[in-house]
Amino acid sequence: MSTAMNFGTKNFQPRPPDKGSFPLDHFGECKSFKEKFMKCLRDNNFENALCRNESKEYLECRMERQLMAQEPLEKLGFGDLIDGKAEAKNKF
């Protein structure tokens, strides 16, 4: 018989997913945030700039539940929406 048990000959080395690749939300943990974001897009003719708060909340949910890597919000393009900076910006 030529089928030898070669279980130890191949070493599987797991690696983290590529940037931008993240697990699906199989349990719907962030579904309400996603639905709110999608509704905002539909209501605003898919102008994503008008739905930045909803997008930020959705990504925060995903990061909190480890469905994507933790990233600073500034790095994701939401620096102006953090700690009331958006309100201060709009007052001028």
Side-chain angles (χ1 to χ4, degrees):
M1 197 171 245
S2 64
T3 55
M5 293 208 177
N6 294 329
F7 294 115
T9 59
K10 274 192 174 179
N11 262 350
F12 175 71
Q13 293 294 326
R15 63 180 182 88
D18 295 331
K19 186 122 176 117
S21 173
F22 45 82
L24 296 175
D25 187 6
H26 291 288
F27 301 110
E29 297 175 74
C30 297
K31 186 175 181 177
S32 64
F33 292 98
K34 180 190 78 167
E35 293 300 323
K36 185 177 171 186
F37 174 61
M38 294 305 296
K39 181 182 181 328
C40 178
L41 286 175
R42 284 189 299 273
D43 292 347
N44 290 292
N45 201 28
F46 294 92
E47 286 288 330
N48 63 349
L50 300 175
C51 301
R52 291 183 69 233
N53 280 320
E54 290 82 358
S55 177
K56 178 177 120 349
E57 291 170 1
Y58 175 59
L59 293 174
E60 286 175 324
C61 176
R62 290 192 61 88
M63 286 188 285
E64 288 168 4
R65 289 159 179 84
Q66 299 175 349
L67 294 170
M68 67 180 280
Q70 287 286 332
E71 294 280 352
L73 290 173
E74 295 88 353
K75 191 173 179 181
L76 295 174
F78 298 108
D80 60 321
L81 299 179
I82 300 170
D83 297 329
K85 290 181 186 176
E87 291 87 26
K89 198 178 210 181
N90 292 334
K91 287 183 181 178
F92 295 106

Enter the distance from Y58:OH to S32:OG here, rounded to the nearest 0.5 Å.
10.5 Å

In sequence, state the C-alpha distance, the side-chain angles, and the governing distance for E54 and F33, and then conclude on side-chain contact (heavy atoms from CB on, under 4.5 Å).
CA-CA 7 Å; E54 290 82 358; F33 292 98; over 6 Å; no

For R62 and L67, indicate whether the former's side chain and the latter's backbone hold a donor-acceptor pair under 3.5 Å.
yes

So, taking the atom named CG in D25 and the one named NZ in K34, what distance separates them when rounded to the nearest 0.5 Å?
8.0 Å

Exercise: identify the closest heavy-atom pair between R65 and C30:
CD-SG, 3.8 Å

Residue pair N44 / C51: nearest heavy atoms and the distance that separates them
ND2-SG, 3.8 Å

Looking at D80 and R52, does any basic side-chain N land under 4.0 Å from a carboxylate oxygen?
yes

If you apply the rule side-chain contact (heavy atoms from CB on, under 4.5 Å), what do you find for L73 with L81, and how did you get there?
CA-CA 9 Å; L73 290 173; L81 299 179; over 6 Å; no

Just wondering, more than 12 heavy atoms not from Q66 lying within 6.0 Å of its CD?
no

Quick check for you: to the nearest 0.5 Å, what is the distance between F78 atom CZ and L59 atom CG?
5.0 Å

Mind checking the CG-OG spacing from L41 to S55? Nearest 0.5 Å is all I need.
8.5 Å

Treat each ILVMFWY residue as a node, draw an edge where side-chain heavy atoms are under 4.5 Å apart, and state whether I82 and F37 are in one component.
no

Honestly curious: do M38 and L50 fall in one hydrophobic cluster under the side-chain, below-4.5 Å linking rule?
no

Return the NZ to CD distance between K36 and E57, rounded to the nearest 0.5 Å.
4.0 Å

Between E60 and K56 (salt bridge meaning N to carboxylate O under 4.0 Å), is one present in this structure?
yes

